[in-house]
Amino acid sequence: MAPGSTLPQGLNARQREAVLYLDGPCLVLAGAGSGKTRVITQKMAYLLRECGYQARHVVALTFTNKAAREMNERVRTLVDPRLLRGLTVGTFHSLGLRFLREEYAGAGLKRGFSILDATDAQGIVQELLATTDRARLRAVQQTISLWKNALLDPDGAARVAQGPDEAEAVRVYRSYEATLRAYQSVDFDDLIRLPAQMLAADEALRARWQARVQYLLVDEYQDTNACQYQLVRMLCGDRAMFTAVGDDDQAIYAWRGATVENLAQLARDYPSLRLIKLEQNYRSVQTILEAANRVIGHNPKTFDKTLWSDLGTGEPIVVTPMDSDLAEAESIAMRLSAARFERQAQWKDFAVLYRGNHQARVMEQALRTLRIPYTVSGGQSFFDKAEIRDVLAWLRLIANEDEDPAFIRAATTPRRGIGQGTLQALGAEAARRGVSLHAVAADVSEAVLPSARQREAVRDFVRLVDHFRARASRRGGAVPPLPGTAVQGDLLAFDPDPPAFDAADAAVGGQAVAEATPAGLAGAATGIDGLRGDDAARVLDDLLAAMNYERHLYDTLDERQAQSRWANVLELLEWLKRKADEDDMTLLELVQHVALVTMLERADDEEPDAVKLSTLHASKGLEYPHVYLIGVEEGLLPHRGGDDEGDVSEAAVAARARRIEEERRLMYVGITRAQRTLRISWCRKRRRGREDTICEPSRFIAEMGLQAEAPRPVGDTDPDRTLDRLKALLKR
DNA sequence: CGAAGAGTAGTTTTT
DNA sequence: CTACTCTTCG
């Protein structure tokens, strides 16, 4: 589109209103498929091109990297690149990280603080709880996370905690926070909580950031939690120049602290809030929308909203009972083949959606036997793979030597003579002195480790780590600084205004209050953060060589696995080098960032022609011509929650009802992914653990109020004949 | 200390 | 069925 053409374009009246409204706070209730991304991107374009907003003053927040990426791409097609410099389109978490990168001192953090992912955090909780009971571990971690997201500190949590389990969780919460601080680390929740709290507490800080964020757009607003809401409010201030876009019917993240009430709360906090509803759906045929409307009609409504479309009636929705999950998968695989042929469609026109990740397994198997190409969404992320964590542990340790989890991982993989016993001894001493493992290891004494052999192993390891730390700190052949030397320089990749920070405060214990003086940054690229560009690439290669990691892989695994893992490591290296270069980030900044990133970036070349397998959660925001919704049974969808079945107390009943409502919204999300056809299946029998269980069809199927379709399994003969042909083919 | 083997438990959703 | 954990042995 030629810059200078009039915006907005190709919008309906409501969408247009949402884009043009700039007189104050604005809430857009955008039903599924009603073009909300279009509204946000067009509004950004409008702000930048027509209203004279500078890009660096406009911030758009999303929940997922995927959404952020998509928005970025779409806005790039609308606006001249020169006007986009400094524009922020990112997740809440990445904004929080950016904030902390500048304001770390105010949070009591050092510059090279680490971000612990869920796995790291779980390790800490496990240690504190001294249990390996998986369920209990998850429960406690979850509870702590919910408290954090509700802006409750351990004292606050103690006030609301009930029962012995929660009392214990409070205890763990307290130690957990102390541990994070000792590691100079933050977890995912802190990335939002800390900025929100700091902004609330410090007026000058608030003023500075409010000057920076002059217009804020928030996507998926129904999924915000108390922290995120607070952050939004603090960033907007009384000026309240923001647009929030959301859909209460698609709120599916209550389990991680999101509160739909934030939608209604917005109207209370901002009486001048302009409410705009988008109800025209551009995605689905009427049959599908009607079913979706009927299902969601069973939920109590905050905002009334009825989707409609003019895309025609469409084919009826088909519900099929299956004998087992295996039969379901095989049947769907065959149907997919048949349907692709009959409809002259592509594989990527089909999606199979399910409640839980584990359901993908059976489906994958069935697709593989029929040689149907597929991609699975979610699953374990690239950065969760063992080999990736192994390498990253080293980098993290170099960036932040206080981070014990990284120390432990790096010290023990590959094996280098440091095992349980050694670590225990180091750990005990570290606890006694209140310092990190690295600090103990750096000058390990005979009193701590009696065995000379162990001491030698530890010393070798520390030498290696320190070697790379020195390399990382060195610039142009200068002498490496001593350990503990203050880190200088504040090079930010994002070019924010004004450079909110000077550098020297790190030298005095990190608590110095920052003055908003424009920092003289010339020649400040010393210190550990200075590692960038070509240096980064060289150090990475050397580090990997020093780790002897490839050898380790081939020693411990069979050829095939070792090969694939090594390939992953190389890919990580390439990615790190490329990113460091592209985003002009230092390697160690990048290492921080990695916890937040999924490697979607490589999928951007072109998406392959493959059937999409996805959880319902991960499917939000996407659309497919033909959707198969599988495992639609009581107990799975709605998922049966905790074990408060017998509990008839008012609170428990209410909690159960709310859970069902959320599951219903999940069903709604699933239905509204479909553009043209929707097939739903459920299993009479399902393997659960070691036993088969009998299943009932989900109540949501009845709630769709479909035309009383006769429960004939051979309802459509044509595809079935194709199925038989395929079966015969397979036999041979 | 570490590797190989046997047993056992596990299945919601994600930044 | 698998992936992970705990145990035992070298």
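Throughout, protein chains are lettered first and strands after them, A, B, ... in sequence-line order, and every chain is numbered starting at 1.
- Ranking B:dT15, B:dT13, C:dT2 by closeness to the A:F188 side chain, first place goes to B:dT15.
- Residues A:Q142 and A:W255 bring no donor and acceptor atom of their side chains to less than 3.5 Å of each other.
- For A:N357 and B:dT11, the shortest distance from a side-chain N or O to OP1 or OP2 is not below 4.0 Å.
- Under 4.0 angstrom from either OP1 or OP2 of B:dT15 there lies no side-chain N or O belonging to A:S94.
- Between the NE2 atom of A:H552 and the P atom of B:dG2 there is a distance of 10 Å, rounded to whole Å.
- Residue-level contact check: A:F63 touches the backbone only, with heavy atoms under 4.0 Å from sugar-phosphate atoms and none from bases.
- For the pair A:Y354 OH and B:dT11 P, the interatomic distance rounds to 17 Å; values are reported in whole Å.
- Taking atom C1' in both C:dC4 and B:dT13, one finds a spacing of 22 Å when rounded to whole Å.
- A:T615 has a side-chain polar atom (N or O) that falls below the 4.0 Å cut-off from OP1 or OP2 of B:dT14.
- The distance between atom CG of A:L137 and atom P of B:dT11, rounded to the nearest whole Å, is 11 Å.
- For the pair A:E456 CD and B:dC1 P, the interatomic distance rounds to 15 Å; values are reported in whole Å.
- Between the side chain of A:N262 and the backbone N or O of A:T224, at least one donor-acceptor pair lies under 3.5 Å.
- Closest to the side chain of A:R138, from the set C:dT2, B:dT13, B:dT15, is B:dT13.
- Annotation: salt bridge (Lys or Arg N to Asp or Glu O under 4.0 Å) contacts of A:R665 (sequence neighbours excluded): A:E662.
- Residues satisfying the side chain to side chain donor-acceptor pair (under 3.5 Å) criterion with A:R459, sequence neighbours excluded, are absent altogether.
- Atom CD in A:E364 sits about 12 Å away from atom P in C:dT2, given to the nearest Å.
- Residues from residues 249-256 of chain A with heavy atoms under 4.0 angstrom of DNA chain B, sorted by number: A:Y253, A:W255, A:R256.
- Residue A:R416 is in sugar-phosphate contact alone, with no base atom involved, counting any heavy-atom pair closer than 4.0 Å across all strands shown.
- If you take CD of A:Q122 and C1' of B:dT14, they are 14 Å apart, rounded to a whole angstrom.
- The A:H93 side chain lies nearest to B:dT15 when the options are B:dA3, B:dT14, B:dT15.
- Residue A:Q454 has a polar side-chain atom (N or O) positioned under 4.0 Å from OP1 or OP2 of B:dC1.
- Taking the six-membered ring where the residue is Trp, the centroids of A:W682 and A:Y628 are separated by 6.0 Å or more.
- Listed nucleotides: B:dT11, B:dC1, B:dT15. Nearest to the side chain of A:H358: B:dT11.
- Aromatic ring pairs are classed by plane angle as parallel below 30°, tilted from 30° to 60° and perpendicular above 60°; the pair A:F92 and A:F63 is tilted.
- Using a 4.0 Å cut-off between a side-chain N of Lys or Arg and a carboxylate O of Asp or Glu, A:D190 and A:K148 qualify as a salt bridge.
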Intermediate values then yes/no, ring pair (Phe, Tyr, Trp, His ring centres under 6.0 Å), A:Y554 and A:W566: CA-CA 9 Å; A:Y554 282 92; A:W566 182 243; 7.9 Å; no
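- In this structure, the CG atom of A:L191 is 19 Å from the P atom of B:dT14, given to the nearest Å.
- One atom, CG of A:L636, and another, C1' of B:dT13, lie 12 Å apart when rounded to the nearest Å.
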